[in-house]
Visitor: 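Submitted below is the structure of interest, expressed as structure tokens.
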Amino acid sequence: MKVVLGKDLLAANENKAAKNRELFDQAGVLVVNLISSPGSGKTTLLEKTAQFLGGDLKMGAIVGDLYTDRDARRLSEAGMLTVQINTEGVCHLDAKMVARALQEMPLTSMDLLFIENVGNLVCPAAFDLGEHVKVAVLSVAEGTDKPAKYPGVFRESGAVVINKSDLLAYTDFNVKNCLADLREIKENMAIFLTSAKTGEGIDQWYKWLRELKET
């Protein structure tokens with residue numbers, strides 16, 4: 001009988017992720033892995049990003065979902081080339097799943113590729129997909145304490161988008177305390193307070209993506 005340890009599975013994932021990253025670098029495409037709870041608004045954020053930056057940057061998205069292709073269809077209608085991954089109950093994407101999706105993605109004709117991960121603040125943080133940067137998306141409706149309760153995903157992320165700022169007046173979300181918790185977890189991360197619905201604060205997100213692409 002062979003016993004497969006979790007450590008071995010993660011090592012195999014790291015090897016596949018390194019090969020994905022090599023493909024991304026060869027194609028010159030910036031890859032951003034978006035991680036959040038369900039309902040944070042990351043699909044709306046990507047729709048607005050496609051509409052605003054689509055004239056300058058060629059963008060695509062690999063969309064992870066348990067069973068449906070609803071988010072992928074929304075992003076396709078917004079102008080992104082999309083590939084759907086249905087995990088059929090698995091709570092995160094891994095590098096092997098992404099590698100399969102890349103067979104349908106013309107990387108050399110793209111500037112920016114988003115990976116919209118399965119809605120979950122825990123498991124996706126542990127799996128390197130070969131991306132250049134992880135971005136955590138947090139909505140104000142989820143509560144101020146999410147960074148303190150789920151520090152792993154925020155520690156792994158290069159940026160955090162605090163979304164749905166248009167709902168601040170209807171929640172007890174404390175922006176000051178949330179920012180303090182995030183800075184304690186990772187002092188130098190970029191943080192954006194946005195409403196993807198109204199467009200408030202989203203220009204700084206666009207600016208950060210442009211600058212990241214140019215570096």
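All figures in this text were calculated on a predicted structure; none of them were measured in a lab. Values below: all heavy atoms of this structure, side chains included; hydrogens, waters and symmetry mates excluded. FYI, the numbering just counts along the sequence from 1.
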Visitor: Would Cys178 and Ile162 count as a side chain to side chain contact (heavy atoms under 4.5 Å, CB included) if you check the C-alpha gap in whole Å, the side-chain angles of each, and the deciding distance to 0.1 Å?
Guide: CA-CA 9 Å; Cys178 184; Ile162 303 174; 4.1 Å; yes
Visitor: Looking only at heavy atoms, which two atoms of Gln84 and Ala72 are closest? And how far apart?
Guide: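 Closest approach of Gln84 to Ala72: OE1-CB, 3.0 Å.
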Visitor: Could you please spell out the steps behind the side chain to side chain contact (heavy atoms under 4.5 Å, CB included) verdict for Val118 and Asp65?
Guide: CA-CA 5 Å; Val118 177; Asp65 203 346; 5.9 Å; no
Visitor: What's the spacing between Glu77 CD and Arg74 CZ if we round to 0.5 Å?
Guide: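 Answer rounded to 0.5 Å: 9.5 Å.
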Visitor: Check each of Leu46, Leu112, Leu113, Ile115 against Val32 using the side chain to side chain contact (heavy atoms under 4.5 Å, CB included) test, and report the only one that passes.
Guide: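 Only match with Val32 under side chain to side chain contact (heavy atoms under 4.5 Å, CB included): Leu112.
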Visitor: How close do Asp181 and Ala148 get, counting heavy atoms only, and between which atoms?
Guide: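 Shortest heavy-atom contact: OD2-CB, 4.1 Å.
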Visitor: Can you find a heavy atom in the side chain of Met59 that is under 4.5 Å from one in the side chain of Leu53?
Guide: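 They are in side-chain contact.
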Visitor: Do Phe154 and Val175 land in one hydrophobic cluster if side-chain heavy atoms of ILVMFWY residues count as linked below 4.5 Å?
Guide: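 Yes; tracing contacts between hydrophobic side chains, which count when under 4.5 Å, links both residues.
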Visitor: Under 4.0 Å between a side-chain nitrogen and a carboxylate oxygen: does that hold for Asp56 and Arg210?
Guide: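 Salt bridge: yes.
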Visitor: Which residue pairs pass the side chain to side chain donor-acceptor pair (under 3.5 Å) test with at least one member in residues 104-118, sequence neighbours excluded?
Guide: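 As it turns out, the side chain to side chain donor-acceptor pair (under 3.5 Å) pairs with a partner in residues 104-118, which skip direct neighbours, are Asn33-Asn117, Thr43-Glu116.
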Visitor: For the pair Thr144 and Asn174, evaluate side-chain hydrogen bond (donor to acceptor under 3.5 Å, both in side chains) and give the outcome as yes or no after the intermediate values.
Guide: CA-CA 6 Å; Thr144 307; Asn174 188 309; 5.9 Å; no
Visitor: To the nearest 0.5 Å, what is the distance between CG (Asn86) and OH (Tyr67)?
Guide: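 Reported to 0.5 Å precision, the distance equals 9.5 Å.
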Visitor: What do the steps show when you test Ser40 against Asn163 for side chain to side chain contact (heavy atoms under 4.5 Å, CB included), and what is the final call?
Guide: CA-CA 7 Å; Ser40 67; Asn163 195 30; 5.8 Å; no
Visitor: Under 3.5 Å, side chain of Ser195 to main-chain N/O of Thr198, donor-acceptor pair present?
Guide: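 Between the backbone of Thr198 and the side chain of Ser195 there is a qualifying donor-acceptor contact (under 3.5 Å).
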Visitor: If you round to the nearest 0.5 Å, how far is CG of Leu66 from CD1 of Ile85?
Guide: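 If we round to the nearest 0.5 Å, Ile85:CD1 and Leu66:CG are 12.5 Å apart.
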Visitor: Got more than 12 heavy atoms from elsewhere within 6.0 Å of NZ, Lys186?
Guide: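 Yes, NZ of Lys186 has more than 12 neighbouring heavy atoms, counting only those of other groups under 6.0 Å.
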Visitor: Mark yes when over 12 heavy atoms from residues, nucleotides or ligands other than Lys197 sit less than 6.0 Å from its NZ; otherwise mark no.
Guide: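 Incorrect, the count does not exceed 12.
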Visitor: Stepwise, does the side-chain hydrogen bond (donor to acceptor under 3.5 Å, both in side chains) test hold for Ser36 with Lys42?
Guide: CA-CA 8 Å; Ser36 78; Lys42 59 182 181 296; 2.9 Å; yes
Visitor: So, Lys164 side chain and Gly39 main chain: donor-acceptor pair closer than 3.5 Å or not?
Guide: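 Between the backbone of Gly39 and the side chain of Lys164 there is a qualifying donor-acceptor contact (under 3.5 Å).
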Visitor: Of the non-hydrogen atoms in Ala99 and Asn20, which two are nearest, and what is the gap between them?
Guide: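 Shortest heavy-atom contact: CB-OD1, 3.5 Å.
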Visitor: Enter the distance from Phe52:CZ to Leu209:CG here, rounded to the nearest 0.5 Å.
Guide: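 Between Phe52 CZ and Leu209 CG, I get 11.0 Å after rounding to 0.5 Å.
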Visitor: Decide whether Leu212 and Leu34 are clustered together by the hydrophobic rule: side chain heavy atoms of Ile, Leu, Val, Met, Phe, Trp, Tyr closer than 4.5 Å, transitively.
Guide: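 They do share one cluster, since a chain of ILVMFWY contacts under 4.5 Å joins Leu212 to Leu34.
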Visitor: Do side-chain atoms of Lys146 reach the backbone of Glu142 as a donor and acceptor pair under 3.5 angstrom?
Guide: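 Between the backbone of Glu142 and the side chain of Lys146 there is a qualifying donor-acceptor contact (under 3.5 Å).
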Visitor: Is there a path of hydrophobic side-chain contacts, each under 4.5 Å between heavy atoms of I, L, V, M, F, W or Y residues, that connects Val160 with Leu121?
Guide: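 They do share one cluster, since a chain of ILVMFWY contacts under 4.5 Å joins Val160 to Leu121.
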Visitor: Heavy-atom count check: over 12 atoms from other residues, nucleotides or ligands less than 6.0 Å from Arg100 CZ?
Guide: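 Open.
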Visitor: CE/Met189 to CZ/Arg183 distance, rounded to the nearest 0.5 angstrom?
Guide: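 So the CE of Met189 and the CZ of Arg183 are separated by 7.5 Å.
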Visitor: With sequence neighbours excluded, give me every ring-ring contact (aromatic ring centres under 6.0 Å, His included) pair touching residues 109-151.
Guide: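 Sorted pair list: His92-Phe127.
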Visitor: Return yes when atom CD of Glu184 has more than 12 non-hydrogen atoms of other residues, nucleotides or ligands closer than 6.0 Å, and no otherwise.
Guide: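 Atom CD in Glu184 is not crowded, with 12 or fewer foreign heavy atoms closer than 6.0 Å.
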Visitor: How far apart are the closest heavy atoms of Trp208 and Gly158, and which atoms are they?
Guide: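 Taking Trp208 first and Gly158 second, the nearest heavy atoms are CZ2-O, 4.3 Å.
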Visitor: With clusters defined by side-chain heavy atoms of hydrophobic residues (ILVMFWY) lying less than 4.5 Å apart, directly or transitively, does Leu75 cluster with Leu57?
Guide: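 Linked, Leu57 and Leu75 end up in one cluster.
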Visitor: Transitively linked via ILVMFWY side-chain contacts under 4.5 Å: Val137 with Ile191?
Guide: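 They do not share one cluster, since no chain of ILVMFWY contacts under 4.5 Å joins Val137 to Ile191.
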Visitor: Using every non-hydrogen atom in the two residues, find where Glu200 and Ser165 come nearest and quote the distance to one decimal.
Guide: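 Closest pair (atom of Glu200, atom of Ser165, distance): OE1-OG, 3.2 Å.
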Visitor: From Met105 CE over to Leu107 CG, what is the distance, rounded to the nearest 0.5 angstrom?
Guide: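 That separation rounds to 7.5 Å.
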Visitor: Is the shortest heavy-atom distance from the side chain of Pro147 to the side chain of Leu182 under 4.5 Å?
Guide: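 Counting from C-beta outward, Pro147 and Leu182 do come under 4.5 Å.
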Visitor: Does some side-chain heavy atom of Asp69 sit less than 4.5 Å from a side-chain heavy atom of Val63?
Guide: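 The answer is no, as the side chains (C-beta and beyond) never meet within the 4.5 Å cut-off.
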Visitor: Check whether any side-chain heavy atom of Asn15 lies under 4.5 Å from a side-chain heavy atom of Lys19, and answer yes or no.
Guide: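 Heavy-atom side-chain distance check fails, nothing below 4.5 Å.
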Visitor: Evaluate the criterion side chain to side chain contact (heavy atoms under 4.5 Å, CB included) for residue pair Trp205 and Lys48; output intermediate values, then yes/no.
Guide: CA-CA 11 Å; Trp205 160 249; Lys48 291 295 176 67; over 6 Å; no
Visitor: How about Glu88: does its CD atom have over 12 heavy atoms from other parts shown lying under 6.0 Å from it?
Guide: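 At most 12 heavy atoms, drawn from other residues, nucleotides or ligands, come within 6.0 Å of this atom.
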Visitor: Looking at every non-hydrogen atom in both residues, tell me the closest pair between Asp128 and Ala95 and how far apart they are.
Guide: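 Reported closest heavy-atom pair: O-CB, 3.7 Å.
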Visitor: Between the main-chain N or O of Leu129 and the side-chain N or O of Glu131, is there a donor-acceptor pair closer than 3.5 Å?
Guide: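 It does hold such a pair.
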